[in-house]
Each structure stands twice: as structure tokens, then as C-alpha cells.
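Have a look at the structure below before the remarks.
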Amino acid sequence: MRRILLLAIALTGCSIDQSRLGNFVNQTVQPGMPMEQALVRMQAEGFYCNAGSGADAVIACTRTYTRLVQKNCVERVDLVRSATAAKTLGAIDVLEVKCPK
């Protein structure tokens with residue numbers, strides 16, 4: 001019985017909490033900060049950000065979310081450059097976490 005309880009706790013610990021990711025990202029980077037600083041912060045938190053040529057309006061950032069029992073998921077965040085200042089973070093889009101079925 002105890003093993004079943006421990007397994008149930010482990011499985012529930014693997015669920016995806018989309019709002020938690022949003023809160024985490026919004027505490028890590030904020031609109032108005034320099035884009036270079038935002039990229040450094042995201043990379044320090046384990047995200048890979050595809051900055052491309054450096055002039056892209058949207059920079060896609062991804063991070064693998066490791067789960068114990070099921071296959072890993074991918075956390076996705078788009079950093080959007082400011083329309084008025086290209087070197088400034090204008091907006092943050094926290095996208096739905098993608099998990100294999």
C-alpha cells in the first residue's frame with residue numbers, strides 16, 4: 001500500500017503547471033529590459049534561445065522539462081522585441097508546454 005501511495009505522489013509531481021511556468025518567466029525577464037540581458041537570463045535558467053540573425057522580431061526559447069515516468073516535455077517562451085526599440089524586450093509570450101502523448 002505504501003508503494004502505491006509513493007508512486008501516486010511521484011506521478012502527480014510530474015504534472016505540468018502552466019501558470020507556474022508563466023510566473024517563473026515573468027519573474028526572470030520583464031518587458032522594457034535590454035533584449036541581450038533577457039537572453040542571458042533565460043539561458044542561465046536552462047532555456048535555449050534561437051536568436052537567429054539578431055534582427056528577428058520574435059525569439060523562440062525552449063527548455064526540456066524532465067519527467068520521471070513519462071517522456072519529457074518542452075517548455076516554450078517567445079521573447080518579442082519592442083516595436084520602437086529593437087534592442088529592448090517588448091513582450092513575453094509563454095506558450096503551452098508540449099508533451100508527447
Side-chain angles (χ1 to χ4, degrees):
M1 182 68 174
R2 185 173 182 182
R3 288 183 187 177
I4 293 172
L5 180 61
L6 290 174
L7 180 60
I9 291 170
L11 289 175
T12 57
C14 295
S15 64
I16 303 300
D17 186 350
Q18 190 72 35
S19 64
R20 189 171 132 222
L21 174 62
N23 289 336
F24 171 76
V25 170
N26 288 321
Q27 290 175 356
T28 303
V29 293
Q30 297 84 31
M33 72 187 312
M35 183 60 83
E36 186 175 324
Q37 182 182 8
L39 291 170
V40 168
R41 284 192 176 175
M42 291 294 284
Q43 290 168 352
E45 295 298 337
F47 283 87
Y48 167 76
C49 298
N50 186 4
S53 66
D56 296 330
V58 178
I59 298 173
C61 297
T62 58
R63 177 173 74 173
T64 301
Y65 177 84
T66 305
R67 301 192 299 175
L68 297 175
V69 179
Q70 299 167 329
K71 292 183 180 179
N72 296 341
C73 297
V74 177
E75 297 173 325
R76 304 174 305 138
V77 177
D78 284 347
L79 302 179
V80 183
R81 290 186 189 278
S82 169
T84 57
K87 293 185 178 185
T88 302
L89 178 61
I92 305 160
D93 291 329
V94 179
L95 306 172
E96 182 180 350
V97 176
K98 290 286 186 181
C99 298
K101 300 207 180 211

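These numbers come from a predicted model, not from an experiment. The basis for the numbers below is simple: all heavy atoms, side chains too, and nothing from hydrogens, waters or symmetry mates.
Take Glu96 and apply the side chain to side chain contact (heavy atoms under 4.5 Å, CB included) test, not counting sequence neighbours, and it matches Gln18, Arg76. For the side-chain hydrogen bond (donor to acceptor under 3.5 Å, both in side chains) test, residues two or more places apart in sequence or in another chain that qualify with Arg63 are Glu75. In this structure Ser82 satisfies the side-chain hydrogen bond (donor to acceptor under 3.5 Å, both in side chains) test together with Thr84, sequence neighbours excluded.
Taken to the nearest 0.5 Å, the CD1 atom of Ile92 stands 8.5 Å off from the CE atom of Met33.
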Under 3.5 Å, which donor-acceptor pairs link side chains of residues 38-51 to any protein atom two or more places apart or in another chain?
| unit_1 | atom_1 | unit_2 | atom_2 | d |
| --- | --- | --- | --- | --- |
| Arg41 | NH1 | Thr28 | O | 3.1 |
| Asn50 | OD1 | Gly52 | N | 3.4 |

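Residue Val74 shares its hydrophobic cluster (ILVMFWY side chains chained together at separations under 4.5 Å) with no other residue. Members clustered with Val80: Val58, by chain and number, using a 4.5 Å side-chain heavy-atom cutoff among hydrophobic residues.
In the hydrophobic clustering of ILVMFWY residues, with side-chain heavy atoms under 4.5 Å counting as a link, Val94 and Val97 come out together.
In terms of heavy-atom proximity, Pro31 sits nearest to Ala91 at CG-CA, 4.4 Å.
Within 6.0 Å of atom CD in Gln37, more than 12 heavy atoms from other residues, nucleotides or ligands are found, so the atom counts as buried in its surroundings.
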>> Walk me through whether Cys61 and Leu79 qualify under side-chain contact (heavy atoms from CB on, under 4.5 Å).
In response: CA-CA 7 Å; Cys61 297; Leu79 302 179; 3.9 Å; yes
